[in-house]
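These notes are about the structure you will find just below.
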Amino acid sequence: MYVMETNIKTASNIRNAGFEGEILTDEKSLVPYENDTSLFELRPALAVKPKSAEDVKKLVAFISEKKDANPNLSLTARAAGTGMAGGALNDSIIVDVANLNHIRSVSAERAVVEPGVFYRDMDTETRKQGVIMPSFPASRNLCAVGGMVGTNASGEMTLTYGSTENWVKRLKVVLSDGNEYEFGALTADELEKKKKIKGFEGEIYRRMHELLEKDYDIIKRAKPKVTKNSTGYALWNIWDRKTFDLTKLFTGSEGTLGLFTEIEFALIKPKEHRKLIVIFLRDLKILSTLIGKVLSHKPETFETYDDRVIQFILRFFPDFVRVMKTGLIKLGLSFIPEVIMVLKGGFPKLVLLAEFTGSTEEEASQKAQAAFEDLKQFNLQVEIMQTPKEAERFWTMRHESFNILRKHSGKNKTSPFIDDIIVNPAKLPEFMPRLDKVMAEYKLTYTIQGHIGDGNFHIFPLMNLHNARDRDIVMELSQKVFDLVFEFGGSMSAEHNDGLVRTAYLRQMYGEKIYHLFEETKNIFDPKNIFNPGKKVYGHDLAYIKEHIDKVY
Ligand SMILES: Cc1cc2nc3c(=O)[nH]c(=O)nc-3n(C[C@H](O)[C@H](O)[C@H](O)COP(=O)(O)OP(=O)(O)OC[C@H]3O[C@@H](n4cnc5c(N)ncnc54)[C@H](O)[C@@H]3O)c2cc1C
């Protein structure tokens, strides 16, 4: 009762501070904010839905002022709430940016949007100009751009075009002093001018520049040796002694340094024609040579899923038919080649999808054919899909298996906790059997899929989280898999970020010195720790993490 009264009082004080948007305090309205797509459940005290950037500024100024008297107050941004790490969950105030959903402008080069805009809506507008923002995740129809920037999301086109950090060109951010600032790439001269500004903005540039200069080489060396990374703060990407760009720091910062109010994305014209090669692999020993060979032909995307995904799809075939919108018989017939293959030699361990693109049909076909010819030396089953329709069933298996798995998990939950590991693809033949061995200790049902061209795998075990033993396994297996990933010089998360699920392991991944620089960075931007506490630095211990695993789904 006391807590409820305090929350209502806080809500009324926020209103009195001039906040115009909705403020949600009742139990029922807060339920949707307890979960995202992660393992966790956390009840917030309040949720607020700012109407405008002005509202965000008032809110931050209010919390900043009250924080000393009430240390529990904090602000955690939430866009579409599809994150897999629990980044948008917290126990204080959730800032739902759903109403900051205006598309400000779209040209053939740039889109300027508010953080609550769904990627799918921005995509509809950019496609009218013949362009796209290419770092979209598989959840492109579900997620919003604020969350994509918050997590540094990426997806199948990232192999060619890089993660979201490559596409954010300018950000408006409300910082902990309650003011909105604009960030983008600066020359060394522009940086010096910024450093001379009096007040918080100048202080940010002065202190960040000093931090990055002081340990310049150590910071550059700390960058994980993988093609994409969403863990920690990307200090190594900000300053190369020519350009100083704080958008690189904000992207992937999970709302721990400030709240984004406007994002400018760069856009590209996608290649229109595509040809898919499907490779069925039984022997993982040749994996790295095979990956190197395929990559030498420069596919636009290079994805994979394992034998468990195929078995799963076959088990829930009617669902797959529904997603494909093709008749049962027609779709069933299209699988005859795979059925014959299985009868002859069992399921392939991995199915690899390499897609080649071009501005003309001929260009895409030539690239695919050249790769196809080159792959003959491996004596594998390799097929070129002649039409987009033929390619579609493989893409649907890759894209939809997580959702189908989720729907059929019954009392089990598709549990993302080792969901996003990445190691250099050259190390996979040694890494994969070691990973298999660790996984085999627990006899779990799980699928593996992912972005093989980057060495990035999504492992989704089905866990009965009502059961204490399964919750123990989550904790034990996380540690074992992360130990292995670190031994191979990889990263715990290529795209899903740290959130609740991985923050506790950041110190181990980066070591004491870099972790301390992360803490200093947080202190520069958010000295009172008002933004998304418990994420990235000053995280919760493992007991807290385990305690907040959702047991009542
Ligand atoms: C079926 C499925 C498939 C998925 N596939 C992929 C994939 O291929 N690749 C991938 O990267 N992810 C994937 N995800 C995870 C998720 O969709 C992405 O991480 C997505 O970018 C999150 O967007 P969101 O709008 O839901 O963000 P949320 O979950 O709402 O927030 C994510 C983070 O961003 C922060 N944030 C949000 N808005 C702001 C703001 N205005 N200012 C500051 N910080 C902010 C939040 O605090 C939080 O830390 C998948 C999820 C599902 C359910």
Side-chain angles (χ1 to χ4, degrees), residues 32-33 35-38 40 50 53 56 60 74-90 93-101 113-120 122 135-158 163-165 168 171-175 180 228-230 250-263 301 303 398-407 414 416 419-420 422 449-451 454 456-458 460 493-501 503 525-526 531-536:
Y33 298 106
N35 301 96
D36 52 7
T37 320
S38 75
F40 302 102
V56 177
V60 173
S74 69
L75 298 169
T76 293
R78 181 180 178 105
T82 67
M84 286 199 182
L89 306 182
N90 228 315
I93 303 172
I94 303 297
V95 186
D96 179 346
V97 297
N99 294 328
L100 303 182
N101 60 356
V113 290
E114 289 190 313
V117 169
F118 279 92
Y119 176 83
R120 59 172 188 256
M122 180 174 83
S135 71
F136 56 82
S139 50
R140 64 206 261 180
N141 290 321
L142 309 171
C143 70
V145 293
M148 288 177 64
V149 178
T151 55
N152 187 25
S154 56
E156 62 206 38
M157 285 177 84
T158 292
S163 308
T164 298
E165 64 193 3
V168 175
L171 279 176
K172 284 189 185 168
V173 188
V174 175
L175 296 184
E180 187 186 57
K228 50 185 189 164
N229 172 48
S230 280
F250 285 115
T251 307
S253 64
E254 292 195 310
T256 58
L257 304 176
L259 301 180
F260 319 139
T261 44
E262 193 175 278
I263 304 159
T301 61
E303 301 281 296
R398 167 70 187 92
H399 294 151
E400 291 297 326
S401 56
F402 174 70
N403 260 342
I404 295 179
L405 190 66
R406 243 184 353 158
K407 265 175 51 198
T414 39
D419 50 302
D420 197 23
I422 179 166
Q449 50 193 288
H451 313 285
D454 291 301
N456 173 207
F457 290 97
H458 302 313
F460 294 115
S493 176
E495 43 189 42
H496 297 167
N497 220 296
D498 300 315
L500 285 170
V501 75
T503 286
F525 282 87
D526 184 18
F531 293 124
N532 210 359
K535 319 290 162 52
K536 298 283 179 186

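Hydrogens, waters and symmetry mates are skipped; everything else that's a heavy atom, side chains included, is used. One-based numbering, in listed order, for ligands and for the atoms of each.
Ring geometry, F136 versus Y119: the interplanar angle falls from 30° to 60°, so the pair is classed tilted.
Under 4.0 angstrom from ligand 1, the non-hydrogen atoms of T37 all belong to its side chain. Heavy atoms of A77 found under 4.0 angstrom from ligand 1 belong to the backbone as well as the side chain. Contacts between K535 and ligand 1 below 4.0 angstrom, taking non-hydrogen atoms only, are absent altogether. At a 4.0 Å heavy-atom cut-off, ligand 1 does not touch A85 at all.
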Show every donor-acceptor pair shorter than 3.5 Å between a side-chain atom in residues 141-148 and any protein atom, with sequence neighbours excluded, or say none if there are none.
none

ask   = Hey, mind stepping through K535 and E254 against salt bridge (charged side-chain N to carboxylate O under 4.0 Å, His left out) and telling me if it holds?
value = CA-CA 8 Å; K535 319 290 162 52; E254 292 195 310; over 6 Å; no
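Scanning the protein heavy atoms around atom 14 (N) of ligand 1, the nearest turns out to be S139 OG, 3.5 Å. Ranking protein heavy atoms by distance to atom 32 (C) of ligand 1, first place goes to T151 CG2, 3.7 Å. Scanning the protein for heavy atoms near atom 16 (C) of ligand 1, the closest one is T82 OG1, 3.2 Å.
Here's the thing with G87: one of its N/O atoms is less than 3.5 angstrom from an N/O atom of ligand 1.
Residue contact check: R78 has heavy atoms under 4.0 Å from atoms 30 (O) of ligand 1.
When F260, F118, F136, F250 are checked for heavy-atom proximity to atom 41 (N) of ligand 1, F260 turns out nearest.
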